[in-house]
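Heads up: the structure comes next, in structure tokens.
These numbers were taken from a predicted model, which means no experiment stands behind them. First listed ligand is number 1; within each ligand, the first listed atom is number 1.
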Amino acid sequence: MIRYFSTRDEKAEKGVSSAAAIKRGIAPDGGLYSPDVIPEVTPDFIDSLKDLEYSARAAKILSLFLSDDYSGPEIEAFCGAAYSPEAFPDGAAPLKDIGDGKFVLELWHGPSCAFKDMALQLMPRLLSAAITKTGEKRDALILVATSGDTGKAALEGYRDIDRIKIEVFYPAEGVSMIQKLQMMTQAGSNVDVCGIRGNFDDAQNGVKSIFTDGDIAAELDRRGLFLSSANSINWGRLLPQVVYYFSAYADLLKQGAVSPGERIDFVVPTGNFGNIFSGYLAYRMGLPVGRLVCASNRNRVLTDFFSTGVYDKNRSFYTTSSPSMDILISSNLERLLAYATGPVRTAGYMSELKKTGRYSIGESILGDIRDIFAGYCADDEETSAAIGRYWKERHYLADTHTAVALSCADRYISETGQERPCVVLSTANPFKFASSVYSSVTSFEAEPGYRALEMLSEATGIPVPARLSGIDRRAVRFPDVCDADGMRRRMLTFAG
Ligand SMILES: *Cc1c(COP(=O)(O)O)cnc(C)c1O
């Protein structure tokens with residue numbers, strides 16, 4: 001039996017099952033649920049993934065963690081539906097060889113055109129089943145505040161899922177035009193979307209205050225509902241991401257680009273540390289990983305952490321061309337600390353972080369962490385240069401987040417002289433950030449609005465992806481914008 005413990009549970013006594021961890025999201029003490037043992041796989045297991053489709057690879061890996069609560073056929077059915085050709089017409093996580101031992105793992109072929117689909121196509125099915133498995137009588141109301149990619153991916157993942165409703169709030173003037181259109185035109189019978197007059201923090205604070213309001217909980221309870229969240233601290237969002245690290249390796253084996261057991265490096269564009277932490281889990285399970293390179297933008301709090309062992313969020317916050325990585329508190333780092341130092345110290349670091357905005361882990365723990373992690377960063381100028389360089393030299397069109405990782409990969413390789421195969425994770429379709437990508441490729445400014453997508457297409461000869469094509473002409477279902485004060489009323493009306 002695998003039990004899930006809070007990263008701050010000093011006595012390690014309050015473990016829960018996987019279904020309960022997925023249903024609850026965050027532990028009562030504020031910590032993050034993590035498994036007490038990480039299952040290990042054999043080289044034969046990894047080799048056997050070679051000839052499977054992505055959904056079958058996913059089912060085999062997820063079963064290792066979930067089989068106490070979910071049956072084999074159930075997991076296969078969920079993975080089959082989540083990673084179906086309808087959801088991922090070009091394959092779930094295709095690996096592109098871009099030469100010189102570098103590969104790009106494209107994680108954006110899902111409905112929202114960004115990597116959060118990889119988890120959010122699957123997690124709602126796990127949650128829906130967990131509601132039943134834990135004997136819960138009420139249905140879930142998922143409440144999301146989003147600054148961009150999570151909103152659309154969550155709406156697509158949860159729409160028309162049994163026993164779940166979802167409501168998304170976003171800052172009306174604080175997301176890109178494409179992101180806004182994606183949400184305002186959302187389909188589904190159980191969804192609601194509303195813009196907020198204010199910034200992301202206003203939306204986030206509004207959601208937090210609803211979550212912690214006892215009267216609202218009681219009112220929803222009377223209506224047969226409980227609140228739940230879809231953010232990346234939920235175990236159900238991390239676990240599906242473990243799969244594509246194995247999948248990339250299996251594809252390299254299949255292409256003969258690595259021999260069994262040969263180590264490879266991964267370079268991961270990082271914000272909340274969820275994506276790269278899934279890579280760490282894969283490594284702990286036995287995937288032959290040389291280094292996990294954490295790639296940050298100008299908000300380089302993690303780069304500094306990996307070089308000094310000091311996490312310090314007391315610094316300026318920058319708005320960059322890779323907005324999904326503009327983060328000063330990388331929540332999932334807590335899970336790495338728990339494995340590296342145990343729950344007692346982790347609880348201490350987290351309370352220091354809350355009090356002073358800073359903590360220090362010391363030389364010896366830093367040494368252990370640096371055996372597997374390295375931190376690099378790239379500013380907007382370097383990112384833009386990487387987009388131009390990879391397009392001109394290799395005909396590979398990268399979005400801004402992926403380009404941060406490409407720039408870091410180049411620096412990492414030139415500084416270390418490393419010759420292992422290097423897999424760079426690509427987290428968004430370049431057309432989602434068309435205007436930045438266009439100016440990096442052509443050195444001209446794109447026209448505003450949807451025109452930027454057409455201009456990028458004309459400049460590169462790559463068609464606008466079907467999911468974004470003509471999005472400015474689709475029927476708007478959710479035009480409303482309210483004040484932050486109006487969020488409660490909106491939510492209660494939607495709850496019905
Ligand atoms: C969310 C996101 C990231 C950051 O992933 P984390 O798991 O938060 O580290 C990177 N790129 C894109 C496009 C994203 O949407």
Side-chain angles (χ1 to χ4, degrees), residues 32 93 104-121 123 144-157 170 175-176 178-179 182-183 200 230-245 266-282 292-303 305-306 320-336 373 375-378 383 386-387 398-408 424-434 436-437 468:
L32 313 185
V104 180
L105 180 62
E106 293 181 346
L107 304 174
W108 41 260
H109 291 276
S112 80
C113 300
F115 106 98
K116 289 179 177 67
D117 292 323
M118 298 302 296
L120 281 164
Q121 281 296 302
M123 181 194 161
V144 180
T146 183
S147 60
D149 291 333
T150 303
K152 176 65 179 178
L155 286 161
E156 279 295 325
Y170 67 93
V175 300
S176 78
I178 291 288
Q179 289 170 329
Q182 280 185 313
M183 291 189 277
F200 173 63
N231 65 24
S232 79
I233 55 178
N234 191 304
W235 175 249
R237 267 192 66 181
L238 281 186
L239 183 56
Q241 298 175 174
V242 172
V243 176
Y244 48 73
Y245 287 89
F266 289 97
V267 184
V268 188
T270 297
N272 210 16
F273 209 71
N275 194 352
I276 196 169
F277 183 76
S278 296
Y280 176 74
L281 286 168
L292 294 165
V293 178
C294 176
S296 301
N297 63 26
R298 193 179 175 197
N299 295 296
R300 49 175 288 171
V301 61
L302 287 165
T303 321
F305 172 74
F306 286 117
T320 73
S321 63
S322 46
S324 299
M325 295 157 65
D326 291 344
I327 282 182
L328 289 182
I329 298 191
S330 298
S331 311
N332 277 298
L333 186 62
E334 179 171 351
R335 284 191 162 101
L336 176 65
F373 284 98
Y376 284 81
C377 62
T383 302
I387 294 174
D399 93 291
T400 48
H401 304 76
T402 308
V404 168
L406 288 169
S407 177
C408 291
V424 175
L425 276 61
S426 172
T427 51
N429 186 310
F431 283 87
K432 220 174 164 179
F433 299 91
S436 297
V437 174
L468 300 178

Mind checking what makes side-chain hydrogen bond (donor to acceptor under 3.5 Å, both in side chains) contact with Ser331, not counting sequence neighbours? Asn272
Which of these passes side-chain hydrogen bond (donor to acceptor under 3.5 Å, both in side chains) with Asp149: Gln179, His401, Lys116, Gln182? Gln179
Residue set satisfying side-chain hydrogen bond (donor to acceptor under 3.5 Å, both in side chains) with Gln121, at least two apart, ordered chain then number -> none
Under 3.5 Å, is there a donor-acceptor pair between the side chain of Thr303 and the main chain of Gly375? no
In order of chain and number, which residues sit within 4.0 Å of ligand 1 by heavy atom? Phe115, Lys116, Asp149, Pro269, Thr270, Gly271, Asn272, Phe273, Gly274, Asn275, Ser324, Met325, His401, Thr427, Ala428
The criterion is ring-ring contact (aromatic ring centres under 6.0 Å, His included); which residues satisfy it with Phe277, sequence neighbours excluded? Tyr280
For Phe273 together with Phe305, are the ring centres under 6.0 Å from each other? no
